[in-house]
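In the text below, chain A, chain B and the rest are named by the order of the sequence lines, each starting its count at 1.
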Amino acid sequence: MTTRIFGSGIRRREDPRLITGGATYTDDVTLPGMVHAAILRSPHAHARITSVDTAAAGAAPGVIAVYTGADVEGALAPIPCAWIPPESDVKPVAHPAVAKDVVRYQGDAVAVVVAETRYQAEDALELIEVGYEPLPAVVNPVAAMADGAPQLHEDAPGNQAFHWVATGGDPDAAFAEADVVVSDTIVQQRLVPNAMEPRSALANWLGSMGELTIWSTSQNPHICRFLTSLITGVPEHKIRIIATEVGGGFGSKIPVYADEMIAAFCAMRLGRPVKWTETRSENFLATIHGRDHVERVEMAATRDGKITGVRSVVHAGMGAYLSTAAPGVPTILHGLMYSGPYALTGTRADIYGVFTNATPVDAYRGAGRPEATFLLERLVDLVAAELDLDPVELRRRNLIPKFDSGYDVVPGLTYDSGDYEGALDMALEHVGYAGLREEQASARERGQYVGIGVSCYCEICGLGPSQVAGAVGFGGGLWESAVVRFHPSGKVNAYVGVSPHGQGEETTFAQVVSDTLGVPVEDVDIVHGDTGNTPMGWGTYGSRTTAVGAGALFLGLNKIKDKARALAAHLLEAAEADIEYADGQFFVRGAPDQSKSIQEIALMANVAWNMPEGMEPGLEASAFYDPPNFVYPFGAHVAVVDVDPDNGHIVLRRYVAVDDCGPQINPMIVEGQVHGGVVQGAGQALWEGAVYDDNGQLLTGSMQDYALPKAHMVPDIETLSSETPSPHNPLGVKGIGETGTIASTVTIYNAVIDALKPLGVTRLEMPLTPERVWQAIHQQS
Amino acid sequence: MMPLIEIRMTVNGREYGGRVESRLTLADFLRNELNLTGTHLGCEHGVCGACTILVDGEAVRSCLLLAVQADGATLMTVEGLADGDELHPLQAAFQENHALQCGFCTPGFLMTAYALLRDNPNPSESEVRQGIGGNICRCTGYAPIIRAIQQTGTV
């Protein structure tokens with residue numbers, strides 16, 4: 001071993017099982033005696049339940065049991081919210097797993113049928129007679145807080161779920177002293193995450209052992225186990241959650257939902273394994289949505305282009321209940337990022353969380369940070385227009401200068417390291433910015449509309465220091481752990497608490513193990529996703545898996561190395577201080593022929609025939625890593641669009657992404673994360689949006705009606721990167737999973753507005769459909 | 001209980017038979033009766049393409065077909081692509097180009113691409129984009145999938 005595998009784009013070890021059909025996702029698992037659950041969901045957005053008649057359903061072929069809210073009440077505790085930001089008057093209203101008295105969104109569970117087959121269970125759903133007394137509904141978060149709006153919860157007057165204010169520096173002074181103030185109203189439309197694998201749970205109850213096992217589509221099986229114990233009453237040590245193969249999440253598989261708990265309830269009642277798998281229609285109705293902000297935002301600047309302050313008033317729709325992490329998203333993950341990559345003197349985020357008769361909202365890829373980047377980069381463009389400055393020039397005047405070990409911004413965060421202008425330069429040079437502006441000018445003379453959108457961002461991820469998690473009301477820790485075990489034959493397993501579901505850490509973590517221990521990468525396997533064989537961890541979200549999880553792994557590997565060094569000294573009859581290590585070999589300084597390979601050491605440690613006095617057998621280490629701070633990846637993105645004024649059609653012609661996530665363990669995987677994220681963010685800008693009618697009926701309830709990006713709709717993404725190590729973790733790594741959605745939505749939006757500038761269009765609502773663009777053009781002219 | 005209908009079909013070169021309800025989808029038959037769980041169900045309404053398989057050589061959505069409609073047909077699923085331990089070039093190209101992340105949509109893309117390349121061994125980028133326009137991937141942004149298919153086509 002002489003070459004470092006850290007930094008090499010080796011192919012993924014996950015792939016062989018995934019490309020041959022050999023992988024086992026939750027819905028692929030079957031157990032002897034397994035039966036199937038189907039859930040009846042409310043067709044109303046808001047209604048009182050007057051009666052539920054299950055007699056006919058109970059007598060239908062194959063039906064084993066029908067349960068209603070009355071059956072579940074008392075057996076399952078309400079589904080909890082686990083992120084309660086302090087000093088924000090959060091109303092954590094009870095969310096019954098199955099509604100008994102009132103339904104509050106279309107999709108609220110009303111009853112469950114268990115039958116021998118899924119077809120029979122779904123047949124029987126149609127035989128359940130539910131009496132509803134419809135109540136008025138409200139879906140817009142601003143309308144929901146207006147006087148006279150329908151009220152969702154007695155405990156939350158005015159539908160206010162919380163009110164959180166964060167003031168950094170002196171925003172009022174910044175605005176009072178400003179030469180220029182620009183403002184905008186931004187609607188961050190509701191998005192449906194649409195992981196390709198629907199949610200699924202297979203619950204198995206071993207009554208005689210008191211053990212509950214759930215195969216579950218979770219991004220964080222250990223959190224799922226913790227909350228499952230609170231909801232079902234089964235002690236945590238008697239619960240096993242298995243989420244080894246999960247088909248994408250993007251945040252939508254963080255929450256603990258009613259449905260998986262209902263499957264557990266049914267299994268415990270019936271003593272048979274119960275599988276529930278959502279349909280895509282259920283995914284649209286009952287899996288969390290993302291975003292849903294209505295924001296009034298403003299930015300202050302001086303006449304010479306110095307941006308000083310940002311203020312917002314945000315109405316953040318929460319849907320009908322507070323999902324697991326929902327209140328933390330528009331607050332901590334949003335309002336603390338108002339300085340972005342700029343040096344401001346004052347920021348204020350004034351955030352109302354609002355109950356509405358719609359599907360609960362929670363963290364969706366980027367979670368709060370795309371919204372923060374959007375409002376900053378939109379406002380910067382508006383200031384540039386006001387001052388008649390090139391948007392790039394205005395950014396240059398305000399970016400925080402290069403720094404490598406800490407920079408304090410007014411919202412109270414300390415960024416780790418950054419070279420924001422370096423990223424901007426790289427993006428502009430690659431895209432040929434000056435040439436594009438010339439092309440744009442000549443195109444305009446021909447009546448063609450080319451738009452160039454630029455954004456700079458820095459974001460907070462690698463969640464995070466547990467002390468901070470506690471201080472901001474997150475109901476858990478945010479450290480990670482790893483157990484590394486050297487087997488007698490020299491092979492290594494690392495068991496980790498994080499739970500990748502597409503991000504490739506079976507490969508990247510094996511690279512870290514291989515490099516650190518000097519063993520071939522083929523001799524390493526990473527084990528994750530099963531609480532039965534992995535140590536406690538808080539899961540995969542918030543771009544934390546590598547920044548925090550690999551930190552724990554790295555500490556464990558170093559413990560292994562320390563013990564191996566001591567054992568080598570004993571076996572080589574030398575002082576430990578004289579033992580050196582290189583490429584998997586321990587040797588005596590000055591006598592490289594006297595050496596032991598790490599595999600020889602591992603064998604001796606495992607057989608323990610000749611150990612130093614007092615040394616325990618085995619070569620295994622357990623490590624816990626609590627990061628001292630978050631990490632702050634950054635970058636600059638540029639989009640080039642062509643807009644056809646005759647029909648409003650937008651072509652995303654080019655997209656350049658420069659991202660800096662510090663040292664890259666596997667550049668191929670980093671690039672993949674950027675590609676996927678950028679396209680998801682493009683989806684928000686151009687195509688995606690959950691639409692409800694005024695009665696709370698979801699009009700975009702299928703993939704036929706909700707426009708997801710497809711191959712012919714997006715260009716190849718041109719990816720570049722710089723490398724600025726973070727001083728906040730031992731590998732210097734930052735997260736890369738969410739930068740794409742954080743930067744791309746506003747980059748593309750800015751490009752479209754730039755294209756339409758000669759036509760007088762200054763704002764549009766997303767998604768930027770051809771109809772909206774066409775209407776805006778024609779309203780101006 | 002609905003009447004059961006006897007069906008027979010060849011899947012990945014093997015003969016299978018079964019007695020099924022007429023309403024059973026082909027995808028559910030493959031997954032639950034034949035235990036060929038490589039075919040995935042992403043939407044069950046014919047939009048996402050994850051369940052794409054070949055029926056008598058045509059790429060079709062197995063969620064929109066009934067098992068009885070495939071009586072007597074010859075099927076190929078993702079499990080039939082590799083030759084023993086030897087990956088099909090398309091599978092190898094997917095791994096080589098990082099054309100999958102969570103892998104859930106991948107079987108559908110592979111089968112769609114298989115039919116595409118059989119009919120057009122050297123597709124342009126634009127032809128590939130159109131050819132896989134009926135398959136949704138939420139992870140990759142598509143570019144690596146397109147590269148993998150084009151690379152296979154020129155092998």
Side-chain angles (χ1 to χ4, degrees), chain A residues 9 11-12 14-25 27-28 30 61-62 118-119 193-198 245-250 277 279-281 283 501-504 668-669 671-680 682 702-704 708-717 740, chain B residues 1 21 23-24 28 31-32 35-48 50 77-82 87-88 90-92 94-107 110 125-126 128-147:
Chain A
R11 306 301 100 165
R12 294 201 323 168
E14 290 88 342
D15 291 354
R17 65 177 188 266
L18 298 170
I19 53 183
T20 56
T24 304
Y25 296 88
D27 190 56
D28 301 339
T30 54
R118 182 175 169 189
Y119 286 57
N194 270 303
M196 291 310 296
E197 179 204 24
E245 201 78 82
V246 176
F250 314 111
T277 299
T279 63
R280 182 57 60 180
S281 306
N283 179 270
H501 42 279
Q503 299 88 345
M668 176 189 79
I669 286 175
E671 190 184 319
Q673 288 294 313
V674 174
H675 273 261
V678 166
V679 169
Q680 267 185 2
S702 80
M703 285 179 166
Q704 194 82 305
L708 294 162
K710 293 182 177 178
H712 55 279
M713 296 155 73
V714 291
D716 203 345
I717 311 300
Chain B
M1 194 71 184
E21 288 184 3
R23 65 175 177 168
L24 183 72
D28 283 343
R31 288 179 50 78
N32 301 331
N35 200 29
L36 292 168
T37 56
T39 297
H40 295 154
L41 288 165
C43 75
E44 296 179 279
H45 57 270
V47 185
C48 82
T77 69
V78 69
E79 288 93 342
L81 266 182
L87 292 177
H88 185 276
L90 199 48
Q91 292 171 311
F94 265 59
Q95 179 172 30
E96 181 62 27
N97 289 281
H98 191 28
L100 62 148
Q101 290 179 28
C102 84
F104 195 80
C105 71
T106 308
L110 286 167
E125 183 187 323
S126 160
V128 173
R129 287 186 184 276
Q130 293 299 327
I132 61 171
N135 291 65
I136 298 174
C137 170
R138 200 59 166 155
C139 293
T140 62
Y142 300 105
I145 297 176
I146 293 156
R147 279 197 280 277

I'd like to know which of A:V678, A:T24, A:V246, A:I669 tops the heavy-atom pair count under 4.5 Å against chain B. A:I669
Counting only heavy atoms closer than 4.5 Å, note whether A:D27 contacts chain B via side chain, backbone, both or neither. both
Cut-off 4.5 Å, heavy atoms of chain A, and the answer for B:Q95 is both
CE (A:M196) and SG (B:C102) are apart, to the nearest 0.5 Å, by 8.0 Å
B:I136/A:L708 under side chain to side chain contact (heavy atoms under 4.5 Å, CB included): CA gap, chis, key distance, verdict: CA-CA 8 Å; B:I136 298 174; A:L708 294 162; 4.0 Å; yes
Quick check on B:T106 against chain A: is it the side chain, the backbone, both or neither that has a heavy atom closer than 4.5 Å? side chain
So which of A:T277, A:T20, A:V674 has the largest heavy-atom pair count under 4.5 angstrom toward chain B? A:T20
At a heavy-atom distance under 4.5 Å, which candidate from B:E96, B:H88, B:E79 has the highest pair count against chain A? B:E96
Given side chain to side chain contact (heavy atoms under 4.5 Å, CB included), test B:D28 with A:Y119 step by step and report yes or no. CA-CA 10 Å; B:D28 283 343; A:Y119 286 57; 2.5 Å; yes
Under 3.5 Å, is there a donor on one side chain and an acceptor on the other for A:D716 and B:Y142? no
Start with the C-alpha distance between A:E671 and B:H98, add both sets of side-chain angles, then the distance that settles side chain to side chain contact (heavy atoms under 4.5 Å, CB included), and finish with yes or no. CA-CA 9 Å; A:E671 190 184 319; B:H98 191 28; over 6 Å; no
Assert top hit (heavy-atom pairs under 4.5 Å, partner chain B, pool A:R12, A:H675, A:H712, A:M668) equals A:R12
What part of B:L100 lies closer than 4.5 angstrom to a heavy atom of chain A: side chain, backbone, both or neither? both
Quick one, A:E14 with B:Q101, criterion side-chain hydrogen bond (donor to acceptor under 3.5 Å, both in side chains). Give me CA distance, side-chain angles, the key distance, then yes/no. CA-CA 9 Å; A:E14 290 88 342; B:Q101 290 179 28; over 6 Å; no
Looking at A:Q704, A:M713, A:H501, which has the largest count of heavy-atom pairs under 4.5 Å with chain B? A:Q704
Residue pairs involving residues 129-139 of chain B (criterion salt bridge (charged side-chain N to carboxylate O under 4.0 Å, His left out); sequence neighbours excluded): A:E688-B:R138, B:E125-B:R129
So which residue, B:C139, B:P107, B:C105, B:A50, ends up with the most heavy-atom pairs under 4.5 Å with chain A? B:C139
Listing, residues 35-42 of chain B side-chain donor-acceptor contacts under 3.5 Å, not counting sequence neighbours, or none:
from, atom 1, to, atom 2, distance (Å)
B:H40, ND1, B:F104, O, 2.7
B:H40, NE2, B:T37, O, 3.4

Count the heavy-atom pairs under 4.5 Å between each of B:R147, B:R31, B:R23 and chain A, then report the option with the highest count. B:R23
Can you tell me which portion of A:R118 sits under 4.5 Å from chain B's heavy atoms? Options are side chain, backbone, both or neither. side chain
Donor-acceptor check, side chain of B:E44 to backbone of A:R280, threshold 3.5 angstrom: yes or no? no
